[in-house]
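Before any comments, here is the structure.
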Amino acid sequence: MKILLCNDDGYLAPGIVALHEALSALPDVRVEVVAPEHNNSAKSNALTLNAPLYVHQAPMGFRYVNGTPADCVHIALTGLLDYRPDLIVSGINNGANMGDDTIYSGTVGAAMEGYLFGIPAMALSQVDKGWAHLESAAQAAALLVAQLRAQQLIGQTPWLLNVNIPNLPLNSLRPLRWCRLGRRHAAERVIRQQNPRGETMYWIGACGAASDASEGTDFHATAQGHVAVTPLQVDLSDHAQLQAWQARLNVPGFGAAAWPQTGA
């Protein structure tokens, strides 16, 4: 089995190093790393279109790109690798990607890029920042990959999973919970400061607290010590509202007569 490993914290981050070691220990598995050169948190699915991208190889064998997580996977799949991976794994991220975080997450963005190319993919995150019990999280991730492989779910129909692992010893982690995404309150206020030249600069505020952490959500599951797994989809269509919108605003054509006239 061939695994392409990426992240958004950069190729030297402890999370990707630990995950590479754990996945490489699985039998008959080849793991290749193509990851960002620097931290690219909150880059989502961004691709770099107006600047050249370069691929370099570090002494330990990891390849890194001066771009976003999605750039890394895109380049790997469309010209860098001479084979098609069976699985894309992104992580382990330094901190949770739950609820609305998944929209912004570079970790999820890298996995989603693989999914868009028709390859099964997963994003992996630790709930708390700081890398506490990182080896346990890496072992839990390897166990999940091994189970997916045993169930012959890798290499078939593409899927996209978002996984959040509590910072606990391996024997303290509770079983997988299949969850929906929770919701967060709006982010904290922007932080405004002055630089040494007297110019005003702004820092994006911290993410808000959970507004929906009810039973069944990823927030609730991880708070109980469970590994939370959420299947994701890319289709953003609001299917439930399609007919409602059609009933409210059904413009028959695009000729001038179809639109309200305003005064000159």
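What's counted below: heavy atoms across the whole structure, side chains too, no hydrogens, waters or symmetry copies. Quantities reported herein were computed from a predicted structural model and do not represent experimental measurements.
To the nearest 0.5 Å, atoms CG (Asp218) and NE2 (His220) are separated by 11.5 Å. Note that OG1 of Thr217 and CZ of Arg183 are 12.0 Å apart. Values are rounded to the nearest 0.5 Å. Taking CG of Leu232 as the reference point, atom CG of Leu160 lies at 4.5 Å (rounded to 0.5 Å). Within the model, atoms NZ of Lys2 and CG of Asp86 stand 4.5 Å from one another, a figure rounded to the nearest 0.5 Å. One finds the CZ atom of Arg84 at 11.5 Å from the CG atom of Leu4 (value rounded to the nearest 0.5 Å). For the atom pair CZ of Phe62 and CD of Gln57, the computed distance is 10.5 Å after rounding to the nearest 0.5 Å.
At a threshold of 4.5 Å between side-chain heavy atoms, the hydrophobic network of Ile, Leu, Val, Met, Phe, Trp and Tyr places Val108 and Ile3 in two separate groups. Criterion: ILVMFWY side-chain heavy atoms under 4.5 Å apart, direct or through other members. Under it, Leu176 and Met98 are not part of a common hydrophobic cluster. Placement of Val73 and Ile119 within a single hydrophobic cluster is found when ILVMFWY residues are connected by side-chain heavy-atom separations under 4.5 Å, directly or transitively. Connection of Leu19 to Leu148 is established within a shared hydrophobic cluster, with ILVMFWY side chains joined at heavy-atom distances below 4.5 Å, either directly or through further cluster members. If you chain together hydrophobic residues whose side chains sit under 4.5 Å apart, Leu173 and Val229 fall into the same group.
The backbone N or O of Arg177 lies less than 3.5 Å from no partner atom in the side chain of His226, so there is not a single donor-acceptor pair. Asn167 places a side-chain N or O within donor-acceptor distance of the main-chain N or O of Asp128, the cut-off being under 3.5 Å. Side chain of Ser90 to backbone of Thr107: a donor-acceptor contact under 3.5 angstrom is found. Distance alone, capped at 3.5 Å, is enough to place a donor-acceptor pair between the Asn66 side chain and the Tyr54 backbone. At distances below 3.5 Å, at least one donor-acceptor pair connects side-chain atoms of Ser136 with backbone N or O atoms of Leu170. With hydrogens and angles ignored, the 3.5 Å screen pairs a side-chain donor or acceptor of Ser24 with a backbone N or O of His20. The backbone N or O of Asn93 lies less than 3.5 Å from no partner atom in the side chain of Asp9, so there is not a single donor-acceptor pair. Under the 3.5 Å distance criterion, the side-chain polar atoms of Asn195 are matched with a main-chain donor or acceptor of Glu199. Formation of a donor-acceptor pair under 3.5 Å by the Thr48 side chain with backbone atoms of Gly67 is not found in this model. The closest donor-acceptor contact from the side chain of Asn97 to the backbone of Ala123 lies at 3.5 Å or more, if one exists at all.
Considering all non-hydrogen atoms of both residues, Asn164 and Thr222 come closest at O-CG2, 3.8 Å. Minimum heavy-atom separation, Ile103 to Ser44: O-OG, 2.8 Å. In terms of heavy atoms, Ile88 sits closest to Ala111 at CG2-CA, 4.4 Å. Considering all non-hydrogen atoms of both residues, Cys72 and Ala35 come closest at SG-C, 3.3 Å. Counting all heavy atoms, side chain and backbone alike, Tyr202 lies closest to Val190 at CB-CG2, 3.8 Å. Of all heavy-atom pairs spanning Cys179 and Pro231, the tightest one is O-CD, 4.1 Å.
By the 4.5 Å heavy-atom criterion applied to side chains, Gln152 and Ile154 are not counted as neighbours. Between Val234 and Tyr115 there is a side-chain heavy-atom pair separated by less than 4.5 Å. Within the 4.5 Å cutoff, side-chain heavy atoms of Val145 are placed close to those of Leu23. Counting heavy atoms from C-beta on, the side chains of Ser214 and Arg180 come closer than 4.5 Å. Between Leu124 and Val89 there is a side-chain heavy-atom pair separated by less than 4.5 Å. Residues Ile16 and Ile92 are not in side-chain contact: their nearest non-hydrogen atoms beyond the backbone lie 4.5 Å or more apart. Counting only heavy atoms from C-beta outward, the side chains of Met1 and Arg30 never approach each other to under 4.5 Å. Between Val163 and Leu144, the closest side-chain pair of non-hydrogen atoms falls below 4.5 Å.
Residue Arg192 qualifies as open at atom CZ: its count of foreign heavy atoms under 6.0 Å is 12 or below. By the neighbour-count criterion of 12 heavy atoms within 6.0 Å, atom CD of Gln243 is sparsely surrounded, having that number or fewer from other residues, nucleotides or ligands. At most 12 heavy atoms of other shown residues, nucleotides or ligands fall within 6.0 angstrom of atom CD in Glu21. For OH of Tyr104, the number of neighbouring non-hydrogen atoms (other residues, nucleotides, ligands) closer than 6.0 Å is 12 at most. Counted within 6.0 Å of CG on Asp235, heavy atoms from surrounding residues, nucleotides or ligands total more than 12; the atom is thus considered enclosed. Within a 6.0 Å radius of CD1 in Ile204, other residues, nucleotides and ligands contribute 12 heavy atoms or fewer.
Residues His38 and Tyr64 place their aromatic rings such that the two centres sit no closer than 6.0 Å.
Salt-bridge annotation for Arg184 and Asp101: present, with a side-chain N of the basic residue lying under 4.0 Å from a carboxylate O of the acidic one. Lys43 has no carboxylate O lying under 4.0 Å from a charged side-chain N of Asp8, or vice versa, which leaves the two without a salt bridge.
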side-chain contact (heavy atoms from CB on, under 4.5 Å) between His74 and Asp71, worked out: CA-CA 5 Å; His74 192 98; Asp71 285 334; 5.7 Å; no
Step-by-step side-chain contact (heavy atoms from CB on, under 4.5 Å) determination, Ile75 to Val34: CA-CA 9 Å; Ile75 287 175; Val34 183; 5.8 Å; no
Verdict with supporting geometry, Leu80 and Val65, side-chain contact (heavy atoms from CB on, under 4.5 Å): CA-CA 11 Å; Leu80 183 62; Val65 181; 5.8 Å; no
Derivation of the side chain to side chain donor-acceptor pair (under 3.5 Å) call for Trp131 and Gln126: CA-CA 8 Å; Trp131 306 117; Gln126 276 196 295; over 6 Å; no
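Evaluation of the salt bridge (charged side-chain N to carboxylate O under 4.0 Å, His left out) test over residues 50-68, restricted to residues two or more places apart or in two chains, returns Glu32-Arg63.
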